[in-house]
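These numbers come from a predicted model, not from an experiment.
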Amino acid sequence: MNIKIRLALQFTLIVGGILLFFSALVYYFSYSSQVSKFRQSLLEKAKNTATLLIDVAEVDSSLLVKIHETTTSWDKEELVLTDSAYNVIYDYKAAYLADRGALIYNSGKGYKYFSITDKDGVFYRHIFNNRTYLVFIMAFDKSRAENLRELLKILFWSIISSILLSVIFSYFFAGRAIRPISDIIKSVKEINSLKLNSRLDEGNKKDEIAQLAVTFNEMLSDLESAFRNQEDFVSNASHELRTPLTVMIGESDYLLSHRRSVEDYEKHIHGLVNDLKELNSLINSLLEMAQINRDRHPLFTDIRIDEVVFNAIRKAREKYVDRKILPKIKYPESESELEIKGNEGLLEIAFINIIDNACKFSDKDVVIEFVINDESISVIFKDEGIGIPDDEIEAISKPFKRASNVKFIGGYGIGLSLVSRILQVHQADVRISSALNKGTHFELTFRRSVS
């Protein structure tokens, strides 16, 4: 059973239950009202009968019979008037009330209502001249029976027609209510690994179904990003690993093709070791990029940015022993003014790559300058190297993209793409300015932890 039919049935059951409840209330109060009115009429007739026969001397039993016969009476009406010893003084069409035991059973104090089969009755105690008289009257309320039968018909057909209408309208409105879900299902069926860029219609973005579409689109974005990162990693890794491996295999085959001198073996082995180091560096860079792409929300803590930069400088100096890497910083009064929210390990990787590029493409000093403002900290990396062409600055942050003027300098084009991803995670503002053969400035601006 689909949701539309289930919703229609549930709504119909609720409507049916409510209608039955209110119909029962209507019937009950209508019945109670008519019973009360009929019994009140019986009581009034009992009082009038006792008054006419007992209190009025001019009225005797014969006259009272004529009065009863000439006035409107109820169906199956019975009337009996007795003294206090239940001796009948007057009766009119008595049947059930002709039995003395029935009179005794239905008597009471003052007045009393009773019911026998389909008849309602009333007992009334009348006192005149210190003598007590008992009046019993009962009858069938035909008008009430007909009214209640008519009311039942009206209620029955009202309930049936209302339920039929509720079925029709509930099915229609349930269809309209779940139409967005049907559209989502249809759209989702069309999405596969080749169409992860597809998105669901988010409607007004306010109701629950729209929120479902928004959440699903967010999940699709995450999946698309994960698939693209995986594809990029596989594509880039296979492309970049193929060349050095092919070179090393070729060198090894050449080395094993015939016997050579020890010097030749050492020369070729040194070459293979250098190729393996470069390959190891490439693999580490690829793995770091894959890890950053996978971990969209790394752990952030309060860190001192100057300490992270100094650690990066120390590691870069191990590679570039003869190069001067000069930090310039004017320390503030409070050390907390140097703190930012970030991931120390990722930022160190980014700074090392920037410094490595500065040292690789420049043979002069590298300067790292700190600028501390009220709300931010800027770290500026300056070199006097070969620079980057203006029309290629935006492209260098893409994986395996290198500037056209560095073709003969070693590298794979992964470093700056890795830096770009790390800085994006840290929501850092990046400004790159460069001039050919004059140098490049990388300015990274981070929000401070404490304003």
A.B. asks: Can you find a side-chain donor-acceptor pair between R144 and S30 that sits under 3.5 Å?
C.D. replies: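 There is no such pair (donor and acceptor under 3.5 Å, judged by atom type) between the side chains of R144 and S30.
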
A.B. asks: More than 12 heavy atoms of other residues, nucleotides or ligands under 6.0 Å from CZ of R431: is that the case?
C.D. replies: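 No, not enclosed.
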
A.B. asks: Could you check whether H441 and D383, counting side-chain N and O atoms only, form a donor-acceptor pair closer than 3.5 Å?
C.D. replies: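 Per modelled atom types, D383 and H441 side chains form no pair under 3.5 Å.
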
A.B. asks: In terms of side-chain heavy atoms, does S434 have a donor or acceptor partner in T440 at a distance below 3.5 Å?
C.D. replies: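 Yes - a donor-acceptor pair under 3.5 Å links their side chains.
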
A.B. asks: Holding to side-chain contact (heavy atoms from CB on, under 4.5 Å), I want the full list of residues that pass it with Y331, two or more places apart in sequence or in another chain.
C.D. replies: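 Y331 satisfies side-chain contact (heavy atoms from CB on, under 4.5 Å) with R304, D306, F310, I329, L338 once adjacent residues are dropped.
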
A.B. asks: When you look at OH of Y105, are more than 12 heavy atoms from neighbouring residues, nucleotides or ligands closer to it than 6.0 Å?
C.D. replies: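 Count not over threshold, so no.
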
A.B. asks: Strictly below 4.0 Å, N to O, side chains only: are K93 and E77 in salt-bridge contact?
C.D. replies: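 Salt bridge flag = no for E77 with K93.
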
A.B. asks: Under 4.0 Å between a side-chain nitrogen and a carboxylate oxygen: does that hold for E339 and R447?
C.D. replies: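 Salt bridge: no.
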
A.B. asks: Are H68 and Y90 close enough that their ring centres sit under 6.0 Å apart?
C.D. replies: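 Close enough - the centres of the two rings lie under 6.0 Å apart.
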
A.B. asks: Test of understanding: with salt bridge (charged side-chain N to carboxylate O under 4.0 Å, His left out), list the residues that count as partners of K341, not counting sequence neighbours.
C.D. replies: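 Scan of K341 (salt bridge (charged side-chain N to carboxylate O under 4.0 Å, His left out), adjacent residues dropped) gives D302.
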
A.B. asks: Classify the ring geometry between Y111 and Y113 as parallel (under 30°), tilted (30 to 60°) or perpendicular (over 60°).
C.D. replies: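 Aromatic pair Y111/Y113 classed perpendicular.
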
A.B. asks: Please state whether the rings of F136 and F123 are parallel, tilted or perpendicular, taking 30° and 60° as the class boundaries.
C.D. replies: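 Answer is tilted, since the angle falls between 30° and 60°.
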
A.B. asks: Go through it in stages, so that I can follow the logic: the residues are L444 and V419, the test is side chain to side chain contact (heavy atoms under 4.5 Å, CB included), and I'd like the CA-CA distance, side-chain angles, deciding distance and then a yes or no.
C.D. replies: CA-CA 11 Å; L444 316 180; V419 170; 5.6 Å; no

A.B. asks: Please determine whether the number of non-hydrogen atoms from other residues, nucleotides or ligands lying under 6.0 Å from atom CD of E335 exceeds 12.
C.D. replies: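 Result for CD/E335: open.
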
A.B. asks: Report yes or no: do N87 and T82 form a side-chain donor-acceptor pair below 3.5 Å?
C.D. replies: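 Result is no, nothing qualifies.
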
A.B. asks: For the residue pair F446 and H426, categorise the inter-ring angle as parallel (less than 30°), tilted (30 to 60°) or perpendicular (more than 60°).
C.D. replies: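 The arrangement is perpendicular - the two ring planes meet at more than 60°.
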
A.B. asks: Can you list the steps and then say if N106 with Y96 is a side chain to side chain donor-acceptor pair (under 3.5 Å)?
C.D. replies: CA-CA 11 Å; N106 291 298; Y96 172 79; 3.3 Å; yes

